[in-house]
Enquirer: 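This structure is in structure tokens; I'll ask about it shortly.
Worth knowing before you read on, the calculation uses all heavy atoms, side chains too, and leaves out hydrogens, waters and symmetry mates.
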Amino acid sequence: GDPGRAAKNASGFSVFVARSQVSAGKDIQWASSYTPPSGSSNTVISEGDGGDLGAAVAAVDDVGNALAVWTQPGADAGLFEVYWNWKTADGGWATPQPIQTVPIYNRKEPFVAARGGGVFHVTWTESYDAMTAEVRSATFRPGIGWSDAGKLNGSGGAGWSRVGADVNG
């Protein structure tokens with residue numbers, strides 16, 4: 001099973017994300033959010049068929065906004081996309097969507113970091129053949145959306161993606 005992953009900020013806002021199988025061939029991503037002092041809530045943030053949801057990771061920014069990312073099949077059967085969902089500090093979770101909608105690459109290993117003020121950076125590894133992998137990144141800004149994905153490494157092989165940020169960027 002998926003042990004889940006947690007994220008917390010200095011003010012105590014926290015989110016725990018995990019994948020669960022709810023029936024044969026049916027998975028869900030769910031999030032448990034804690035907002036001081038009101039308490040916690042549990043929400044399904046995505047559903048998938050056939051055990052095809054990747055493990056989710058999440059980040060929480062300085063004011064309590066949270067963003068979760070994971071992989072699941074995109075519009076092109078067999079290729080995995082990085083999906084995301086987010087919640088504002090005082091609101092509920094939105095509708096899950098893919099970060100990029102070009103279904104010619106297989107994307108995996110997403111990671112997210114909070115910058116502050118609702119800005120989040122996401123990295124992932126994508127490949128289009130068995131020999132080539134690239135680390136990509138995109139930035140989410142409230143009211144603007146996602147930046148175009150930029151390549152972070154040269155051509156050829158790439159390892160797992162990771163990203164870090166603080167409130168200053």
Enquirer: Could you tell me if T88 and N65 have a donor-acceptor pair between their side chains, going purely by distance under 3.5 Å?
Expert: no
Enquirer: Would you check if the side chain of R5 reaches a backbone N or O of A58 as a donor-acceptor pair within less than 3.5 Å?
Expert: no
Enquirer: Is there side-chain contact between W84 and Q97, with at least one heavy-atom pair below 4.5 Å?
Expert: yes
Enquirer: Which heavy-atom pair separates P142 from G117 by the least distance, and what is that distance?
Expert: CG-O, 3.8 Å
Enquirer: If you define the side chain from C-beta out and look only at heavy atoms, does anything of S33 sit under 4.5 Å from W93?
Expert: yes
Enquirer: Would L53 end up clustered with V44 when hydrophobic side chains under 4.5 Å apart are linked, directly or stepwise?
Expert: no
Enquirer: Got more than 12 heavy atoms from elsewhere within 6.0 Å of CG, D148?
Expert: no
Enquirer: For H121 and R115, run side-chain contact (heavy atoms from CB on, under 4.5 Å): C-alpha distance rounded to whole Å, both residues' side-chain angles, the deciding distance at 0.1 Å, then the answer.
Expert: CA-CA 7 Å; H121 302 289; R115 178 174 168 183; 3.5 Å; yes
Enquirer: Are any side-chain N or O atoms of N85 and backbone N or O atoms of A94, one a donor and one an acceptor, separated by less than 3.5 Å?
Expert: yes
Enquirer: With heavy-atom distances below 4.5 Å as the criterion, would you say the side chains of W146 and V122 are in contact?
Expert: yes
Enquirer: Would you compute the distance between atom CD of Q29 and atom CD of E47 and round it to the nearest 0.5 angstrom?
Expert: 11.0 Å
Enquirer: Do P73 and F80 have side-chain heavy atoms sitting under 4.5 Å apart?
Expert: yes
Enquirer: Listed by chain and number, what are the side chain to side chain donor-acceptor pair (under 3.5 Å) partners of S147, not counting sequence neighbours?
Expert: none
Enquirer: Applying side chain to side chain donor-acceptor pair (under 3.5 Å), can you list everything that pairs with T71, at least two apart in sequence or on another chain?
Expert: none
Enquirer: Give me the atom names and distance for the closest heavy-atom approach of A6 to F16.
Expert: CB-CD1, 4.0 Å
Enquirer: In sequence, state the C-alpha distance, the side-chain angles, and the governing distance for S32 and N42, and then conclude on side-chain hydrogen bond (donor to acceptor under 3.5 Å, both in side chains).
Expert: CA-CA 4 Å; S32 179; N42 295 321; 2.9 Å; yes
Enquirer: Please find out if less than 6.0 Å separates the ring center of F111 from that of W124.
Expert: no
Enquirer: Determine the minimum heavy-atom distance between G116 and D62, stating which atoms define it.
Expert: CA-OD1, 3.1 Å
Enquirer: With rounding to the nearest 0.5 angstrom, report the OG1 to CD1 distance, T95 to I45.
Expert: 11.5 Å
Enquirer: What residues, two or more places apart in sequence or in another chain, satisfy side chain to side chain donor-acceptor pair (under 3.5 Å) together with S20?
Expert: W30
Enquirer: Taking all non-hydrogen atoms of both residues into account, name the closest pair between F120 and A114 and its distance.
Expert: CE2-CB, 3.5 Å
Enquirer: Given the rule in the side-chain hydrogen bond (donor to acceptor under 3.5 Å, both in side chains) test, do E134 and T125 qualify, once you have shown the distances and angles that lead to the verdict?
Expert: CA-CA 6 Å; E134 299 173 347; T125 303; over 6 Å; no
Enquirer: Flag the pair V57 / V69 as yes when at least one side-chain heavy-atom distance between them is below 4.5 Å, and no otherwise.
Expert: yes
Enquirer: Which heavy atom of A149 sits nearest to which heavy atom of A138, and what is that distance?
Expert: CA-CB, 4.4 Å
Enquirer: Test side-chain contact (heavy atoms from CB on, under 4.5 Å) on Y83 and S46 and set out the steps.
Expert: CA-CA 9 Å; Y83 275 71; S46 188; 5.6 Å; no
Enquirer: Enter the distance from R107:CZ to E81:CD here, rounded to the nearest 0.5 Å.
Expert: 4.5 Å
Enquirer: I'd like to know if the side chain of K87 and the backbone of G91 have a donor-acceptor N/O pair within less than 3.5 Å.
Expert: yes
Enquirer: Could you report the tightest heavy-atom contact between A89 and F13, atom names first, then the distance?
Expert: CB-CE2, 4.4 Å
Enquirer: Does the side chain of F140 come within less than 4.5 Å of L67's, by heavy atoms?
Expert: yes
Enquirer: Report the C-alpha distance between V119 and D61 in whole Å, list the side-chain angles of each, state the deciding distance to 0.1 Å, and finish with yes or no for side-chain contact (heavy atoms from CB on, under 4.5 Å).
Expert: CA-CA 8 Å; V119 177; D61 74 3; over 6 Å; no
